[in-house]
Peer 1: 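Let me give you the structure first, and then I'll get to my questions.
Indexing begins at 1, ligand by ligand and atom by atom, following the structure's order.
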Amino acid sequence: LSGAARSPADMVTAEYGPAGAVGASRSPAELVGAARTRQPRAVARLISLVEDASPQLREVMALLAPHTRGAQVIGLTGAPGVGKSTATSALVTAYRARGLRVGVLAVDPSSPFSGGALLGDRVRMQDHALDEGVYIRSMASRGHLGGLAASTPQALRVLDVAGCDVIVVETVGVGQAEVDIAGLADTTLVLLAPGMGDGIQAAKAGILEIADVFVVNKADREGADSTARELRQMLTMAPRGPGEWRPPVVKTVAARSEGTEELVDALSAHATWLADSGEGRRRRTARAADEIVAIALAGLREKIGDLRGGSALPDLAEAVVAGTTDPYTAADRLVGAL
Ligand SMILES: Nc1nc2c(ncn2[C@@H]2O[C@H](COP(=O)(O)OP(=O)(O)OP(=O)(O)O)[C@@H](O)[C@H]2O)c(=O)[nH]1
Ligand SMILES: [Mg+2]
């Protein structure tokens with residue numbers, strides 16, 4: 001997102017690493033100012049602050065707040081290997097062709113550290129490495145007490161202020177992660193592939209409820225039509241009132257960018273529906289509420305942790321063991337002491 005030409009080596013630093021001594025010494029106000037002028041190193045540094053739950057975050061978030069622009073956040077999820085990164089890359093190309101600036105945030109919910117899988121993504125994303133209208137970043141939530149629920153919205157805010165019109169959040173769909181991402185995004189995109197996650201598996205995993213748009217990727221493979229048919233059938237069975245969104249099923253061959261235009265159209269249609277129905281506002285408000293709770297809980301947990309060092313908690317624990325008080329009363333006293 002910078003005006004200056006960059007080498008691929010620079011880009012890797014900007015995307016993935018802390019920005020180094022130069023970035024580290026800049027104040028939050030300087031960093032936010034630089035991010036607003038789309039300097040990738042400042043963006044990288046700010047997201048690293050988010051990742052590390054830096055004490056400077058409070059000031060950073062206060063500085064960012066007045067400059068939020070309302071980028072469309074697209075959550076993209078699906079089983080491992082279904083083609084999420086390939087589809088993301090194809091989407092980036094399509095959005096760039098439409099003149100939009102794109103941010104990509106790859107979050108790894110399963111591990112507190114970036115895993116090897118993201119390395120593959122980095123190679124895949126190389127196509128966009130020299131495009132100044134694209135910012136790509138992977139994020140773990142090491143040490144963030146609020147976890148991804150608190151850190152992801154903060155990273156999204158950084159990318160939003162840095163001028164991204166569309167932000168794709170890629171998360172591998174394992175267990176709860178698919179459902180979690182739906183709470184972070186304006187539009188949730190679920191990728192399936194023939195033979196990998198068929199319709200019935202999707203229904204079991206609760207995916208039918210969270211997806212706004214379905215993609216049956218690897219449509220060059222056998223079984224894509226029946227997977228799409230099965231999905232559509234299941235979707236028609238779900239009761240939906242007039243004016244409610246009906247998730248479309250788009251077939252793509254992400255590896256050859258086939259079906260990407262249809263996908264972008266489906267995403268645009270959903271964005272329009274979000275705006276017209278008021279659902280977009282409702283989702284953002286719910287997201288903000290979740291974020292506030294995550295931060296508040298993290299703060300409480302920290303304060304309670306501090307109490308372990310003092311006498312209040314040990315005294316209450318002794319009282320519970322002795323039977324002179326019960327754990328509910330003790331918990332009330334503990335919270336009262338915060
Ligand atoms: N045949 C076919 N292969 C595809 C298609 N899209 C992606 N692939 C291949 O599927 C493999 C996995 O693609 P990725 O984009 O890395 O999948 P992913 O969902 O991001 O994988 P993880 O991040 O590891 O969960 C790669 O070898 C891709 O080249 C497609 O439309 N058709
Ligand atoms: Mg991937």
Peer 1: Any idea which atoms of ligand 1 are less than 4.0 Å away from a heavy-atom of S85?
Peer 2: 15 (O), 18 (P), 20 (O)
Peer 1: Among the N, O or S atoms that E170 has, which is closest to the Mg ion (ligand 2)?
Peer 2: OE2
Peer 1: Hey, are the side chains of P247 and V213 touching, using non-hydrogen atoms and a 4.5 Å cut-off?
Peer 2: no
Peer 1: If hydrophobic clusters are built by linking Ile, Leu, Val, Met, Phe, Trp and Tyr wherever their side-chain heavy atoms come under 4.5 Å apart, do L191 and V253 end up in the same one?
Peer 2: no
Peer 1: With clusters defined by side-chain heavy atoms of hydrophobic residues (ILVMFWY) lying less than 4.5 Å apart, directly or transitively, does V293 cluster with I304?
Peer 2: yes
Peer 1: Determine, considering heavy atoms only, which of K84, K218, R221 sits nearest to atom 9 (C) of ligand 1.
Peer 2: K218
Peer 1: Tell me the contacting part of N217 for ligand 1: side chain, backbone, both, or neither, using a 4.0 Å heavy-atom threshold, strictly below.
Peer 2: side chain
Peer 1: Hey, is the Mg ion (ligand 2) within less than 2.8 Å of some N/O/S atom on S85?
Peer 2: yes
Peer 1: So is G83 polar-close to ligand 1, meaning N/O to N/O under 3.5 Å?
Peer 2: yes
Peer 1: Say whether G81 and ligand 1 are in contact under the criterion: heavy-atom distance to a ligand atom below 4.0 Å.
Peer 2: yes
Peer 1: So do the side chains of V190 and V215 get within less than 4.5 Å of each other, counting heavy atoms only?
Peer 2: no
Peer 1: Atoms of ligand 1 less than 4.0 Å from A254 heavy atoms?
Peer 2: 6 (N), 31 (O)
Peer 1: For D220, which part has a heavy atom under 4.0 Å from ligand 1: side chain, backbone, both, or neither?
Peer 2: side chain
Peer 1: Under 4.0 Å between a side-chain nitrogen and a carboxylate oxygen: does that hold for R157 and E291?
Peer 2: yes
Peer 1: Under 4.0 Å from a heavy atom of P80: which atoms of ligand 1 are those, numbered in the order shown and with their elements?
Peer 2: 25 (O)
Peer 1: Measure the acute angle between the ring planes of W245 and W273, then classify it against the limits of 30° and 60° as parallel, tilted or perpendicular.
Peer 2: tilted
Peer 1: Does any non-hydrogen side-chain atom of D225 lie less than 4.5 Å from one of K251?
Peer 2: yes
Peer 1: Measuring only between side-chain heavy atoms, which start at C-beta, is L267 closer than 4.5 Å to L189?
Peer 2: yes
Peer 1: Check for me whether E170 has a heavy atom closer than 4.0 Å to any atom of ligand 1.
Peer 2: yes
